[in-house]
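Here's the structure, in structure tokens; my notes come after.
Excluded from the calculations below are hydrogen atoms, water molecules and symmetry mates; all remaining heavy atoms, backbone and side chain alike, are included.
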Amino acid sequence: PALGLFLFTIARDPLRIIILIAGAFFWLVSLLLSSLIWFIAVKASDPRDEQLQKGLLIFGVMFSVLLQEAFRFLYYKLLRKAIEGLVALSEDGCSPISIQQMAYVAGVGFGLMSGAFSMINLLADALGPGTVGIHGDSQLYFLTSAFMTMVLIFLHTFWGILFFHGCEHRCWWEITAVVVMHLAVSGSTFCNPLYVGSLVPSYLLMAAAATWAYLLSGGSAQNLRRFLLCKS
């Protein structure tokens, strides 16, 4: 589904590809910084203290979420400047891409890079030295991880739309809602290997975020009905 979003809505437009790659880069930088902080914290602590290590892992995840949203805000500010430049260069005084379209493409960029790293982590686990599930662990590890990766890609896309709308209209509660949802989804992964505890809430939040983003983008029930019935 994520590949479909890219192929049908982004791949044909060079400007959207540039925005997507830049968004992926911003997410990558946020991951690099949060990983560095977590690595330093682990090295400076006692590796034999399991309770402390678990606390550091939770801290690392929460810090990473906050850093990702901070970089999303920085990317919004950068794109806002870019729109001003595009308007100044255009002949008709209009930007070739709206801030809503930028929000969508930036969200897809964040999501695709997040999904790519999730897939790399899965491949690393698949290499060994043992097979997942061999000691009585869940056999659904790879399947549920694939579904979690997909929901995170879509959530980043919807969060991008909500976050940019909040910044554009000074609705700080929308930005706060995005941060809270991101923290909730990331925190739910600590319920694993009870995968129902992470997948079900994540998909419910995705449905809510999708509906919210659709309405903020100008969507309506009538438009949705026309789309489903293939009417112009």
Side-chain angles (χ1 to χ4, degrees), residues 2 10 16-44 55-85 97-118 120-121 148-149 151-190 198 201-202 205-206 208-210 212-213 216-217:
I10 298 174
R16 293 187 183 188
I17 292 177
I18 293 172
I19 295 172
L20 180 137
I21 294 174
F25 174 76
F26 268 71
W27 187 91
L28 192 61
V29 173
S30 71
L31 178 68
L32 175 64
L33 292 177
S34 58
S35 299
L36 182 62
I37 297 297
W38 179 79
F39 179 78
I40 293 174
V42 169
K43 289 298 181 182
L56 287 176
L57 180 60
I58 296 175
F59 162 77
V61 170
M62 300 299 114
F63 180 78
S64 177
V65 168
L66 296 177
L67 202 57
Q68 287 177 48
E69 297 306 328
F71 270 81
R72 199 193 302 273
F73 178 74
L74 292 176
Y75 193 40
Y76 162 77
K77 301 295 286 187
L78 179 65
L79 290 178
R80 211 67 196 81
K81 292 292 184 182
I83 286 182
E84 296 175 4
I97 184 170
S98 66
I99 189 65
Q100 291 87 356
Q101 292 171 334
M102 283 186 170
Y104 164 74
V105 177
V108 174
F110 268 61
L112 287 179
M113 185 56 69
S114 171
F117 266 82
S118 297
I120 290 172
N121 288 335
M148 180 57 73
T149 298
V151 74
L152 281 174
I153 294 174
F154 280 117
L155 279 170
H156 271 294
T157 302
F158 303 139
W159 288 337
I161 296 172
L162 298 175
F163 195 97
F164 278 43
H165 184 273
C167 293
E168 195 72 8
H169 295 85
R170 305 288 182 179
C171 296
W172 305 118
W173 66 272
E174 291 182 354
I175 299 174
T176 303
V178 170
V179 175
V180 170
M181 282 191 288
H182 199 167
L183 287 170
V185 172
S186 298
S188 69
T189 58
F190 290 107
S198 60
S202 297
L205 280 176
M206 184 192 73
W212 192 1
L216 289 183
S217 301

d(K43 NZ, W38 CH2) to nearest 0.5 Å is 9.0 Å
Quick one: list whatever passes side chain to side chain donor-acceptor pair (under 3.5 Å) with S198, sequence neighbours left out.
N192
V65 to V179 - nearest heavy-atom pair and separation:
CG1-O, 4.5 Å
Residues which pass side chain to side chain donor-acceptor pair (under 3.5 Å) with Y104, listed by chain and number, not counting sequence neighbours:
T9
Do I19 and I97 come within less than 4.5 Å of each other through their side chains, counting heavy atoms only?
yes
What is the minimum heavy-atom distance between L112 and A2, and which atoms define it?
CD2-CB, 3.9 Å
Output for pair (F163 CZ, C167 SG), nearest 0.5 Å, gives 4.5 Å
With rounding to the nearest 0.5 Å, note down the distance linking CZ in R80 to CD in E168.
4.0 Å
What's the spacing between F73 CZ and I175 CD1 if we round to 0.5 Å?
7.0 Å
Within a 6.0 Å radius of atom CH2 on W212, are there more than 12 heavy atoms belonging to other residues, nucleotides or ligands?
yes
Find the distance between CZ (F71) and CG (L74) and round it off to the nearest 0.5 Å.
6.0 Å
Between R16 and V105, what is the shortest heavy-atom contact and its length?
O-CG1, 3.1 Å
Do the side chains of E174 and L162 get nearer than 4.5 Å, heavy atoms only?
no
Has S35 got a side-chain atom pairing as donor or acceptor with L31's backbone, closer than 3.5 angstrom?
yes
Measure across S202 and L155 and return the closest heavy-atom pair with its distance rounded to 0.1 Å.
O-CD1, 4.2 Å
Side-chain heavy atoms of R72 within contact of F164, under 4.5 Å
yes
I83 vs L79, test: side-chain contact (heavy atoms from CB on, under 4.5 Å). Steps then yes/no.
CA-CA 6 Å; I83 286 182; L79 290 178; 5.6 Å; no
How about F110 and Y75: do any of their side-chain heavy atoms sit closer than 4.5 Å?
yes
Nearest atoms (heavy-atom pairs only) where L56 meets A41
CD1-O, 3.7 Å
Find the distance between CG (L205) and CE (M181) and round it off to the nearest 0.5 Å.
6.5 Å
If you count the non-hydrogen atoms of other residues, nucleotides and ligands that lie under 6.0 Å from CZ in F190, is the total more than 12?
yes
Minimum heavy-atom separation for L67 to S30, with atom names?
CD2-O, 3.3 Å
Just to verify, what does W27 make a side chain to side chain donor-acceptor pair (under 3.5 Å) with, not counting sequence neighbours?
Q68
I'd like to check F158 versus M206 (side-chain heavy atoms, cut-off strictly below 4.5 Å). Are they in contact?
yes
Is the backbone of G60 close enough, under 3.5 Å, to the side chain of S64 for a donor and an acceptor to pair up by distance?
no
Ignoring hydrogens and geometry, is there a side-chain-to-backbone donor-acceptor pair from T157 to I153 under 3.5 Å?
yes
